[in-house]
Amino acid sequence: MAHENKPLVGVIMGSKSDLPIMEEALQMLDTFEVPYEVMIASAHRTPEKVQDYAETAVDRGLLIIIAAAGGAAALPGVLAAFTTLPIIGVPIKTDSLGGVDSLYSMVQMPPGIPVAVMAINGARNAALFAIEVLATTNDSYRDKLVSHRVTLLAKVEADNQQLQNRRGGQV
Ligand code: RP5
């Protein structure tokens, strides 16, 4: 659910088929109560739409953009060509090449036009990375990130305790 406040994060994906993966990013942004906008647009099928999206992003108040695509995944790089906002790329796993095609398409940007690329299907980390960028100037997001890490730590400790209990305390 996108928030009513002015969006700070743009989430864009090349196809509706990317949405099941990108839902993880949207859920994470919702959890942190980060206002975002979300759109489907393709660097190859709707190039003018992508250009317009990138060129108007600063005026719309966006601070960072998450871009997901699969295959010949030009979307993050094309966005980066048309805006100086930081772009986070999410390479989507593909049936043909397992997402390595998407990863390589995003990660080998020419010097001067960077894209911060996550793992294949790394939608959750893309959202967290975006929130970390926002947290450099927002104490509320920083506090929430610290709480999130405490939760992660507690889960590892609980899982470990459960394992130890099952093994009768043997290491
Ligand atoms: C890319 O092509 C999309 O990002 C998607 O991952 C891939 C396949 O798109 P569909 O054929 O499923 O629409 O542009």
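Bear in mind that the values here come from a model prediction, so they are computed numbers and not experimental data. Counting begins at 1 with the first residue of the sequence.
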Looking only at non-hydrogen atoms, find the nearest pair between [X] and [Y] and report the distance.
X: Ala54; Y: Thr83; answer: O-CB, 3.5 Å
X: Ala119; Y: Pro91; answer: O-CD, 3.3 Å
X: Ala72; Y: Ser105; answer: CA-OG, 3.8 Å
X: Ile87; Y: Ala67; answer: CG2-CB, 4.3 Å
X: Ala135; Y: Arg142; answer: O-NH2, 3.0 Å

Check: [Y] main-chain N/O paired with [X] side-chain donor or acceptor under 3.5 Å:
X: Asp30; Y: Met28; value: no
X: Asp18; Y: Ser15; value: yes
X: Thr94; Y: Gly71; value: no
X: Thr46; Y: Ala41; value: no
X: Ser147; Y: Asp143; value: yes
X: Lys144; Y: Phe32; value: yes
X: Thr136; Y: Val133; value: yes
X: Lys6; Y: Leu62; value: no

Tell me whether Arg124 at atom CZ has more than 12 heavy atoms from other residues, nucleotides or ligands lying less than 6.0 Å away.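 No.
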
Asn160, CG atom: more than 12 neighbouring heavy atoms under 6.0 Å: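 More than 12 within 6.0 Å, yes.
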
Gap between atom [atom2] of [Y] and atom [atom1] of [X] - 0.5 Å precision:
X: Ile92; Y: Leu19; atom1: CD1; atom2: CG; value: 10.0 Å
X: Ile12; Y: Tyr53; atom1: CD1; atom2: OH; value: 5.5 Å
X: Leu134; Y: Leu29; atom1: CG; atom2: CG; value: 8.5 Å
X: Glu23; Y: Gln27; atom1: CD; atom2: CD; value: 6.5 Å
X: Thr56; Y: Gln51; atom1: OG1; atom2: CD; value: 10.5 Å
X: Glu24; Y: Asn125; atom1: CD; atom2: CG; value: 9.5 Å

Do [X] and [Y] touch side chain to side chain, with heavy atoms closer than 4.5 Å?
X: Lys49; Y: Met39; value: yes
X: Val38; Y: Met13; value: yes
X: Leu128; Y: Leu145; value: yes
X: Pro76; Y: Val117; value: no
X: Ile88; Y: Ile65; value: no
X: Ser102; Y: Ile120; value: no
X: Pro114; Y: Met109; value: no
X: Leu85; Y: Ile64; value: no

Are [X] and [Y] grouped together when hydrophobic residues (ILVMFWY) are joined by side-chain heavy atoms under 4.5 angstrom apart?
X: Met118; Y: Leu103; answer: no
X: Val34; Y: Met22; answer: yes
X: Tyr104; Y: Val115; answer: yes
X: Leu63; Y: Tyr141; answer: yes
X: Val58; Y: Val9; answer: no

Who are the side chain to side chain donor-acceptor pair (under 3.5 Å) partners of Asn121, not counting sequence neighbours?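 Counting only residues at least two positions away or on another chain, Asn121 forms no side chain to side chain donor-acceptor pair (under 3.5 Å).
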
Selection residues 55-83 - residue pairs positive for salt bridge (charged side-chain N to carboxylate O under 4.0 Å, His left out), sequence neighbours left out: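 The answer is Glu37-Arg60.
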
May I have the step-by-step check of side chain to side chain contact (heavy atoms under 4.5 Å, CB included) for Ile21 and Lys93, ending in yes or no? CA-CA 9 Å; Ile21 295 300; Lys93 190 171 183 179; over 6 Å; no

Can you name the residues that form a side-chain contact (heavy atoms from CB on, under 4.5 Å) with Ala43, not counting sequence neighbours?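 With neighbours one apart ignored, the set is Ala74, Leu75, Val78.
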
Under a 4.0 Å threshold between the charged nitrogen and the carboxylate oxygen, would Glu132 count as salt-bridged to Arg149?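 Salt bridge between Arg149 and Glu132, a charged N being under 4.0 Å from a carboxylate O: yes.
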
